[in-house]
Amino acid sequence: MLTRRGFVASCVAAGLAHRPGKSSIDARRVANVAGLGHITLGGGQWSDAVHHGAAMGENEVRQTGQLLRTTIKCQLLAAGDVATARPMIAEARHAGIEGFVAAGDPALVASLADAWRATDGVLVLATSTPAPVQCRPWQFTVAPTAADRDAALAAWRATGASAAGTANASVSAWSNSLVAYGADSLNERFLAEWHHAPDEVEWLQWFALKSLAESALRSQASSAAALAVAMR
């Protein structure tokens, strides 16, 4: 069975093979786009899931860059607190990392978000914070808040779609029962790598990194400012 990844790879390979005078990768200009980073803050029962999702996202970002003959850096960082994370972020910025995903302990993620400035780059939160963070042009979130979940559940109930036995229904950003739009392929890749399908925490890390990578690659953004515009 040909997977979506295999299909894309074969199409790219076929396109390169049929371009006169472009058979050598060395002869082709390699574009450099904004580098990406993932920061895990603190420890806890969710740490393995954060690591799994971030590692899967990093791997796929690198593979996508290779398919498109584009250099894109992706670093995974971990810190026990915000004070430790700050110099790590500064060092990564010096190395060309323009966009970061932050996840882990909710209170630490919120603290990092509050202290984040435009000069730190683009920030995407992949963990729900205890309270909504300040809305800024360079700051994004992919993690639903408790209010988001309540609103979605209320909207679903208002459609009349709920039935007997769904009184205790809940809302999740991801379900590994999904199959449409490549979800089944993502589940298979997680199974092959980690021996289980992704849960919500794992999916959020993967999705956040993929969102940054898609924005950088589609726009060819090489700076944090350009990446922020592409994300918006």
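Computed from a predicted structure; not experimentally measured.
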Donor-acceptor pair, Arg62 side chain versus Ile72 backbone, under 3.5 Å?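 Between the backbone of Ile72 and the side chain of Arg62 there is no qualifying donor-acceptor contact (under 3.5 Å).
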Is there a path of hydrophobic side-chain contacts, each under 4.5 Å between heavy atoms, that joins Met88 and Ile97?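 Same cluster: Met88 reaches Ile97 through Ile, Leu, Val, Met, Phe, Trp or Tyr contacts under 4.5 Å.
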Fill in: Considering all heavy atoms, the nearest Ala224-Gly121 contact
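The pair with the smallest heavy-atom distance is CB-CA, 3.8 Å.
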- Where the side chain of Asn59 meets the backbone of Met56, is there a donor-acceptor pair that is under 3.5 Å apart?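 No, Asn59 side chain to Met56 backbone: no donor-acceptor pair under 3.5 Å.
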(Q) Under a 3.5 Å threshold, yes or no: a donor from one side chain and an acceptor from the other, between Glu60 and Trp206? (A)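 Yes, Trp206 and Glu60 have a side-chain donor paired with an acceptor closer than 3.5 Å.
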> Do Asp150 side-chain atoms and Ala147 backbone N/O form a donor-acceptor pair below 3.5 Å?
Replying inline: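 It does not hold such a pair.
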Next item on the list: Give the C-alpha distance, both sets of side-chain angles, the deciding distance and a yes or no for side-chain contact (heavy atoms from CB on, under 4.5 Å) between Ile89 and Leu112.
Entry: CA-CA 11 Å; Ile89 292 165; Leu112 181 67; 3.9 Å; yes
Check your understanding: Looking only at heavy atoms, what is the nearest atom pair of Val101 and Ala126, with distance?
Key ->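 Nearest pair, atom of Val101 first, then Ala126: CG1-CB, 3.7 Å.
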### Query
Do Trp174 and Asp199 have side chains that get closer than 4.5 Å, going by heavy atoms?
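SC-SC contact between Trp174 and Asp199 ruled out.
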So, do Leu41 and Ile39 sit near enough that their side-chain heavy atoms are less than 4.5 Å apart?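 Yes, close enough: below the 4.5 Å cut-off.
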* Please lay out, stage by stage, how Arg93 and Thr119 fare under the test side-chain contact (heavy atoms from CB on, under 4.5 Å). => CA-CA 9 Å; Arg93 289 284 286 128; Thr119 51; 5.6 Å; no
* Would a distance-only check, ignoring hydrogens and angles, find a side-chain to backbone donor-acceptor pair under 3.5 Å from Thr129 to Pro106? ->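 Judged by distance alone, no pair lies under 3.5 Å.
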Q. Considering only heavy atoms from C-beta outward, does the side chain of Thr40 approach that of Leu77 to under 4.5 Å?
A.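 They are not in contact (no side-chain heavy atoms under 4.5 Å apart), so the answer is no.
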Item checked: Which atom of Ala208 lies closest to which atom of Val142, heavy atoms considered ->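 Nearest pair, atom of Ala208 first, then Val142: CB-CG2, 4.0 Å.
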- So how far is it from Phe140 CZ to Arg232 CZ, rounded to the nearest 0.5 Å?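 Between atom CZ of Phe140 and atom CZ of Arg232 there are 5.5 Å.
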Search all heavy atoms of Ala216 against all heavy atoms of Val33 and return the closest pair with its distance.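 So the two residues come closest at O-CG1, 3.9 Å.
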Practice problem: Give a yes or no answer on whether the side chain of Ser223 reaches the backbone of Ala226 with a donor-acceptor pair at less than 3.5 Å. | Solution: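 Yes, the answer is positive, given that a donor and an acceptor are paired below the 3.5 Å cut-off.
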Would you call the rings of Trp203 and Phe207 parallel, tilted or perpendicular, taking 30° and 60° as the class edges?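 The rings of Trp203 and Phe207 lie parallel, inter-plane angle below 30°.
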Checklist entry - Of all heavy-atom pairs between Leu153 and Ala169, which one has the smallest distance, and what is that distance? => result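 Of all heavy-atom pairs spanning Leu153 and Ala169, the closest is CD2-O, 3.6 Å.
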Inset, instruction - For residues Gln139 and Val133, determine if any side-chain heavy atom of one lies less than 4.5 Å from a side-chain heavy atom of the other. - result: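 Yes, at least one pair of side-chain atoms sits under 4.5 Å.
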Next item on the list: To the nearest 0.5 Å, tell me how far Glu200 CD sits from Ser175 OG.
Entry: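 If we round to the nearest 0.5 Å, Glu200:CD and Ser175:OG are 10.5 Å apart.
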For this session: Assess whether side-chain contact (heavy atoms from CB on, under 4.5 Å) is satisfied between Thr70 and Leu217, documenting all intermediate values.
Result: CA-CA 8 Å; Thr70 299; Leu217 290 168; 3.8 Å; yes
- Query: Looking only at atom types and distance, does a side-chain atom of Ser219 sit under 3.5 Å from a main-chain N or O of Ser215, one as donor and one as acceptor?
  - Reply: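 Indeed, once roles are kept as given, a pair shorter than 3.5 Å links the two residues.
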Under 4.0 Å between a side-chain nitrogen and a carboxylate oxygen: does that hold for Glu202 and Arg189?
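No, no charged N to carboxylate O under 4.0 Å.
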### Query
Atom CD of Glu188 and atom CG of Asp184: how far apart are they, to the nearest 0.5 Å?
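Here the rounded value is 5.5 Å.
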Between Thr159 (side chain) and Trp156 (backbone), is there a donor-acceptor pair under 3.5 Å?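 Yes: the side chain of Thr159 pairs with the backbone of Trp156.
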| said: Regarding His38 and Gln205, do their side chains bring together a donor and an acceptor under 3.5 Å, going by distance alone? | reply: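 Per modelled atom types, His38 and Gln205 side chains form a pair under 3.5 Å.
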Are more than 12 heavy atoms from other residues, nucleotides or ligands located less than 6.0 Å from atom CZ of Arg218?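 Open: at most 12 neighbouring heavy atoms sit under 6.0 Å from CZ of Arg218.
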Once rounded to the nearest 0.5 Å, what's the spacing between atom CZ of Phe100 and atom CG of Leu212?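 Answer for the CZ-CG pair, Phe100 versus Leu212, is 10.0 Å.
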Give a yes-or-no answer on whether the side chains of Asp114 and Ser111 include a donor-acceptor pair shorter than 3.5 Å.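 Their side chains do not contain a donor-acceptor pair, so the 3.5 Å distance test is not met.
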### Query
Are the side chains of Leu209 and Cys74 in touch, meaning some heavy atoms are under 4.5 Å apart?
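Result yes, sub-4.5 Å side-chain heavy-atom pair found.
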- Are Leu227 and Val124 connected in a single hydrophobic cluster, I mean Ile/Leu/Val/Met/Phe/Trp/Tyr linked by side-chain heavy atoms less than 4.5 Å apart?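 Linked, Val124 and Leu227 end up in one cluster.
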Exercise for the section: Drop me the distance from Glu58's CD to Leu76's CG, to the nearest 0.5 angstrom. Expected result: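 It comes to 4.0 Å.
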Would you call the rings of Trp194 and His51 parallel, tilted or perpendicular, where under 30° means parallel and over 60° means perpendicular?
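Trp194 and His51: perpendicular rings.
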Flag side-chain contact, heavy atom, 4.5 Å: Val50 against Val201 |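 Yes - at least one pair of side-chain heavy atoms lies under 4.5 Å apart.
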Q | Hydrophobic cluster identity match, Leu186 and Leu204, side-chain contacts under 4.5 Å | A |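 Linked, Leu186 and Leu204 end up in one cluster.
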Check whether more than 12 heavy atoms from other residues, nucleotides or ligands sit under 6.0 Å from atom CD of Glu193, and answer yes or no.
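Yes - once you tally the heavy atoms of other residues, nucleotides and ligands closer than 6.0 Å, there are more than 12.
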**Asked** For the side chain of Asp81 and the backbone of Gly42, is there at least one donor-acceptor N/O pair under 3.5 Å apart?
**Response**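 Looks like no, no N/O pair under 3.5 Å.
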Exercise for review: Find out whether Lys210 and Thr64 are in side-chain contact, i.e. whether some heavy atom of one side chain is under 4.5 Å from a heavy atom of the other.
Suggested key: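 Result yes, sub-4.5 Å side-chain heavy-atom pair found.
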Note to self: Within the 4.5 Å heavy-atom criterion, are Trp138 and Met231 side-chain neighbours or not?
What the structure shows: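 No; the side chains remain at least 4.5 Å from each other.
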(request) May I ask you to decide if Gly37's main-chain N or O and Gln75's side chain share a donor-acceptor pair within less than 3.5 Å? (result)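 It does not hold such a pair.
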- [ ] Give the C-alpha distance, both sets of side-chain angles, the deciding distance and a yes or no for side-chain contact (heavy atoms from CB on, under 4.5 Å) between Asp105 and Val109.
- [x] CA-CA 6 Å; Asp105 181 274; Val109 172; 5.8 Å; no
| query | Taking all atoms of both residues into account, what is the closest heavy-atom pair of Arg86 and Ala115, and its distance? | reply |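 Smallest heavy-atom distance, with atoms named: NH1-O, 3.9 Å.
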